[in-house]
**Student:** 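Following this message is one structure expressed as structure tokens.
Per chain, numbering begins at 1; letters A, B, ... match sequence-line order.
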2 protein chains.
Amino acid sequence: MTVVDPIGQLFLHLERRNQPMHVGGLQLFELPDDAPVDYVRRLVERARRFDMVQPPFDRRLVQRLGQSFWRADTGLDLEYHVRHLALPAAGAIRDLLALVSMLHGALLDRARPLWEMYIIEGVADHRFAIYTKFHHAMMDGVSAMRLMHRFVSQTPDAETVHMPWSLPRKRSRQTSGRLADSWQTIQAGARQALALPSVPGALYQSWHDARQDADFTGPMRAPACMLNRPISGSRRVAAQGYSLTRIRAVAARFDATVNDIVLAMCASALRAYLIDNDGLPARPLIALVPMSLHDDKHDATGNKVGAIYTNLATNVADPLDRLSAIQRSVAYWKRRYKTMSPAQIMAFTATLSAPAGLNLLTGAAPRHQAFNVVISNVPGPAEPRYLGEARMVGMYPLSVVLDGQALNISLTSYADAIEFGLIACRRSVPSMQNLLQYLGEALDALDDASSATEPPPPGTM
Amino acid sequence: MTVVDPIGQLFLHLERRNQPMHVGGLQLFELPDDAPVDYVRRLVERARRFDMVQPPFDRRLVQRLGQSFWRADTGLDLEYHVRHLALPAAGAIRDLLALVSMLHGALLDRARPLWEMYIIEGVADHRFAIYTKFHHAMMDGVSAMRLMHRFVSQTPDAETVHMPWSLPRKRSRQTSGRLADSWQTIQAGARQALALPSVPGALYQSWHDARQDADFTGPMRAPACMLNRPISGSRRVAAQGYSLTRIRAVAARFDATVNDIVLAMCASALRAYLIDNDGLPARPLIALVPMSLHDDKHDATGNKVGAIYTNLATNVADPLDRLSAIQRSVAYWKRRYKTMSPAQIMAFTATLSAPAGLNLLTGAAPRHQAFNVVISNVPGPAEPRYLGEARMVGMYPLSVVLDGQALNISLTSYADAIEFGLIACRRSVPSMQNLLQYLGEALDALDDASSATEPPPPGTM
């Protein structure tokens, strides 16, 4: 029996019917060519036979003296945790997302280990899907996505099927996964920083200096926005992949990173969506982007993460000007972090994020809107993955929304795609799925603009 | 804006993740012979077009000064309330019940009107299903079942489709539905009785007299039982119909009522289940059976309802002896109620049930196990019903389980069947679906025994 760690306890404490605290992943697979009609049913039965359930998947919550503990569940019931569902005839992706919206909006049963897997047959074009959810108290979003990457195989082989709960535990990987989760690290750091009698004056100085910088975008400057309203208990999930090759090409032409282009796509899509809804603030939206800073070669093995408060320049009409503003905002934060040690960065982001984190997690300090939306990115495998012989053709992270943070954008890379998983309160952020179209249009616009600025290749007119 | 009535407020107050407070109904339909492959999809679209939503289906909860009110939902979204789901290939009833178990275990979204309908395609043998849930604060179980009876039609007609939320409001019927809900009436009565400075001495006298009667089975005498443990948030739903013709024939041979036979089936099934689980108490289980007492001809229009604490005689091995004990127990209560006015019965049952009701609804008085299981019965239509051209071939009520009441048995009559809808905590009452088989075996046993006691008809050997 182990005590639930403080961050986990906070997630349990804040969970409500309208604010479930689980993260999830949606994976899409192609059926093997010769798959029998009961292929998915057999897969479900096979999954349920993986009954050597590894920690933390075998642990349930128990309460002792007002404290939450994890304890092995002696009545673990894989028939409960692994469900077999199906889409209505035709099996459109729209139907899949409607189903996953429903599943992602439902609370886990606290009397059982806090995870569920749904294996869904009948997806159009000879496909099936797996939606998995994990409570945030058990596993953070980054660890969850890494697990989703890890339980599928690098080669197609009918004999090789693993399940997330049956993998041998890789302690070092899991620890690193936990540490690399910038957002949780920031939260923990914020708590530590707040617990100190005083926060070092030098950091305050940095903060005040920073406010003089034209490209600085700190917390407390985010505008009021419809994305920051209280949430209901119903969800809308949207998911789509965009060509990584194309994003890379656009990035190269603008001397930008893939991350810059992804943020520009989000910014353009949010601008279009907010204009549709008569809700575009005069000031730019601020995105909290947890970011690994490992591109500094000298500390590639360190745990250097920072929270980038990205100016999304949603008030700027021209997509290229918007991209430039985003690049300047990201570059500013990278410059600032470059001269700092990992410990300094931790303390710095903790200090900056403290009111934001407190606001997000406790509802305190409601007068300050620290940021408008969280955009998080977990790198994924560059090569195809398989479950048995079934090729994985899509993998989309699904995170958490909160009162005051009614939209979350998560993404991961997989093979030749950047896979977006969007989740929103269905009531506060109506027709959120339109963002998918706007993301595509944003990429088109950048692509067109970059093609127009290039000299025509030889041999074309 | 209207205030939520006190019983409704109590249901809202007691709702937890592990204890959702909604009732539901599962209906099974045959597809018309010429149904196109998208028949159910069209039905879903048609249902979503019934956008003249009648009270109470258009009302959502709002909080004002710590009080709950119903207010018209200006953002009502029928795409949210009416869902389209499907079963995996083959579409076994087992798959349907697994899906409905999941749906019945999930909390409604309090930011919306407290009802949802799921239209489920792909049920084996050319069928589809509709599962509907209503919050108990909005509608009691009896009203919900009456509504499920009422929105289907008496004749097959493709043009005639109604939805529960589109029916013109029948105030008198609804009021009567509410009054006839014995269980809620008892609760209300108990609250009134408890609010009095003293409860009339004559009623106490009746109670004490009653305890001297050998057939008396009152509250506070129920044994400790595995059915009365705390519940988890996961559910098991089971449903099956049994031939009403056959039950009537058995009843006639034993000079019993249909209700007696149904209670005997429940008793035998519970005995078999508890023996399987090494959990049969030495003393008989007590069932709370809300019962209309309208067979007293002189007050057929009155609101004469009573709570019958039926001795299920689960300690008796012989099914005929068990039936006799049940008949005596029911007859005792009918005798007692016969000489009393409706008001007296109300006060009497309120007095008897007060600790039970309080226990059930507030968790107070935990030392007394008032009864082990609720068995409730709502009469349904004797003739077939249709949704458009689709014939309804089954209709099963699904009620609520609570901490300490981990199993509920509800039933209704429809055409030539008694339709059982069972719901249980999946963890406290494992493999509850075995009760369906035991119910059938119990009917077989009574049928065999009654055939054996009859003289052989002429011409047989």
**Student:** Relative to chain A, which segment of B/R427 carries a heavy atom at a distance below 4.5 Å: side chain, backbone, both, or neither?
**Tutor:** both

**Student:** So, B/D95 and A/R41, do they make that salt bridge, N to O below 4.0 Å?
**Tutor:** yes

**Student:** Give a yes or no on whether a salt bridge exists between A/R17 and B/E15, defined as a side-chain N under 4.0 angstrom from a carboxylate O.
**Tutor:** no

**Student:** If you count heavy-atom pairs within less than 4.5 Å of chain A, which of B/R110, B/M102, B/R236 leads?
**Tutor:** B/M102

**Student:** Give, as side chain, backbone, both or neither, the part of A/R60 having an atom under 4.5 angstrom from any heavy atom of chain B.
**Tutor:** side chain

**Student:** Can you tell me which of B/P88, B/G233, B/A111, B/G91 forms the most heavy-atom pairs within a distance under 4.5 Å of chain A?
**Tutor:** B/P88

**Student:** Specify which of A/P430, A/A106, A/G122, A/A89 makes the most heavy-atom pairs with chain B at under 4.5 Å.
**Tutor:** A/A89

**Student:** Go through A/S101, A/P230, A/S232 and name the one with the most non-hydrogen pairs under 4.5 angstrom from chain B.
**Tutor:** A/S232

**Student:** Using the salt bridge (Lys or Arg N to Asp or Glu O under 4.0 Å) rule, collect all pairs that involve residues 118-129 of chain B, keeping only residues at least two apart or in two chains.
**Tutor:** B/D125-B/R127

**Student:** Out of A/W165, A/Y131, A/Y80, A/F134, which residue meets the ring pair (Phe, Tyr, Trp, His ring centres under 6.0 Å) rule with A/W115?
**Tutor:** A/W165

**Student:** Using a cut-off of under 4.5 Å for heavy-atom pairs, which of B/D77, B/D38, B/L99 has the most such pairs with chain A?
**Tutor:** B/D77

**Student:** Would you mind checking which part of B/I119 comes under 4.5 Å of any heavy atom in chain A, side chain (CB onward), backbone (N, CA, C, O), both or neither?
**Tutor:** neither

**Student:** Report yes or no: does A/D73 contribute a side-chain atom to a donor-acceptor pair with the main-chain N or O of A/R59 at less than 3.5 Å?
**Tutor:** no

**Student:** Taking all non-hydrogen atoms of both residues into account, name the closest pair between B/F50 and B/L78 and its distance.
**Tutor:** O-CD1, 3.3 Å

**Student:** Heavy-atom distance under 4.5 Å to chain B: side chain of A/L108, backbone, both or neither?
**Tutor:** backbone

**Student:** Less than 3.5 Å apart, any donor N or O on the side chain of A/Q9 or A/Q67 sitting next to an acceptor on the other?
**Tutor:** yes

**Student:** Can you say whether A/Y118 sits under 4.5 Å from chain B via the side chain, the backbone, both, or neither, judging by heavy atoms?
**Tutor:** side chain

**Student:** Ignoring hydrogens and angles, tell me if any N or O in the side chain of B/H104 forms a donor-acceptor pair with the backbone of B/S399 under 3.5 Å.
**Tutor:** yes

**Student:** Between B/R426 and chain A, with a heavy-atom cut-off of 4.5 Å, which part of the residue counts as in contact: side chain, backbone, both or neither?
**Tutor:** both

**Student:** Check each atom of A/R112 against the heavy atoms of chain B and say whether the ones under 4.5 Å are side chain, backbone, both or neither.
**Tutor:** both

